[in-house]
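Report on the following structure.
One-based numbering, in listed order, for ligands and for the atoms of each. Computed from heavy atoms alone, side chains included, the values below leave out hydrogens, waters and symmetry copies. All residue numbers refer to positions in the sequence shown, counting from 1.
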Amino acid sequence: MNSNEIHVIYGTNPIPMVQELLDKSQVIKNIDPGMNVALKPNLVVAKPSSSGATTTPLLVEGIIQYLFSHNIKKISIIEGSWVGDSTARAFEVCGYKEISRKYNVPLVDLQKDAAENVLVNNLSLKICKKALEADYLINLPVLKAHCQTLFTCALKNLKGCIPNSEKKRYHTLGLHKPIAYLAKALPVSLNIVDALNGDLSFEEGGNPVRMDRLILGQDPVLVDTYCASLLGYQKEDIAYIKLAEQLGVGQGDLSKAKIIEHAAELKKATALKPTNKAARLAKRIEAQDACSACFGGLIHALNRLEESGQLSKLKDKIFIGQGYKGQKLEGLGIGSCTSGCSKHLPGCPPSALSIVKFLESQCR
Ligand code: SF4
């Protein structure tokens with residue numbers, strides 16, 4: 001595959017979804033059987049993926065099965081949880097111990113690993129040895145919001161590959177700069193984003209929003225730029241994406257990207273049960289048989305509008321979902337199914353960023 005490609009698949013069953021993505025993208029051609037492959041999920045805290053905080057173990061299981069079937073056996077799962085939680089506890093609670101036992105794939109606790117110094121321009125960074133030693137590093141972030149950097153996905157997930165002392169130092173350096181520099185020092189071979197159920201507001205979960213998709217790409221800058229748009233942000237809103245691009249980690253021009261959607265029929269409508277803040281925002285929506293891929297984007301967009309103080313200026317009804325196909329309605333329609341609304345945003349599904357722009361134009 002080319003570095004400007006982004007492969008997206010919709011659905012709720014991560015094992016066949018990720019195997020189809022790997023098959024269609026043909027990245028397997030880049031992995032030799034003798035390579036030491038490291039899988040880096042996001043287990044920032046010891047909470048299951050249903051919380052919106054962590055990578056589902058089913059994604060990792062699907063990748064291991066696929067690699068085994070291509071005779072790639074030197075696999076490890078590497079992670080260092082955040083300061084204040086134990087990686088060992090996260091491996092257990094998040095279901096990774098079970099996977100390790102089932103497939104005889106070792107778990108590497110990076111909180112206990114030795115570190116090496118790597119110099120990027122004039123900034124010295126400590127990086128865990130096991131991460132640096134990988135021949136093929138597969139980054140498996142969760143697409144979710146973050147209370148300090150607004151957004152966390154491919155680039156920021158690498159922060160789990162540094163010692164705890166270094167994680168504390170990153171905060172004194174303002175987070176964005178060291179995150180971008182770390183991406184330069186620790187190149188990833190592949191990113192596969194768990195965008196099934198990431199959090200609305202915080203990296204530690206609690207407000208999960210179903211987005212029901214996986215996203216695969218080689219360039220972490222491009223992947224992050226694309227994923228940021230699914231939460232209603234532009235690249236310019238997230239300083240570390242721009243910085244990483246300036247450092248040459250990748251390119252974030254979506255107009256040059258080739259977005260390839262697979263199994264789009266799996267974007268089917270499913271029962272949606274938003275919780276907490278997402279449930280409050282959902283009260284603004286008239287939904288009928290809305291796909292979670294569409295509905296989740298709208299929830300994120302409403303959250304962006306609330307943060308910028310514009311949500312209260314939105315007076316019209318907002319319609320979304322397949323149940324409105326062919327209906328004439330007075331109000332704002334989100335997605336291709338609501339083309340009969342008096343004002344309508346096309347897309348199937350539209351990104352949260354395009355929803356934000358559309359709704360902002362309707363504020364009064
Ligand atoms: S536009 Fe309609 S079919 Fe497409 S994702 Fe939205 S609700 Fe589903």
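Under 4.0 Å is where a charged nitrogen must lie from a carboxylate oxygen, and between Glu166 and Lys159 no such pair does.
Atoms of ligand 1 found under 4.0 Å from any heavy atom of Ser336, numbered from 1 in the order shown, are 1 (S). Within the listing of ligand 1, atoms 1 (S) sit less than 4.0 angstrom from a heavy atom of Gly347.
With sequence neighbours excluded, the residues forming a salt bridge (Lys or Arg N to Asp or Glu O under 4.0 Å) with Lys235 are Glu245, listed by chain and number. For Asp113, the salt bridge (Lys or Arg N to Asp or Glu O under 4.0 Å) criterion is met by no residue, not counting sequence neighbours.
Summarising the geometry, atom OG belonging to Ser25 is positioned 9.0 Å from atom CG belonging to Asn30; distances are rounded to the nearest 0.5 Å. Note: Cys161 SG to Ile78 CD1 = 4.5 Å, rounded to the nearest 0.5 Å.
Here Cys291 does not reach atom 2 (Fe) of ligand 1: none of its N/O/S atoms is less than 2.8 Å from the metal. Atom 6 (Fe) of ligand 1 lies under 2.8 Å from an N, O or S atom belonging to Cys294.
The shortest separation from a heavy atom of Ala293 to ligand 1 is not under 4.0 Å, leaving the residue out of contact.
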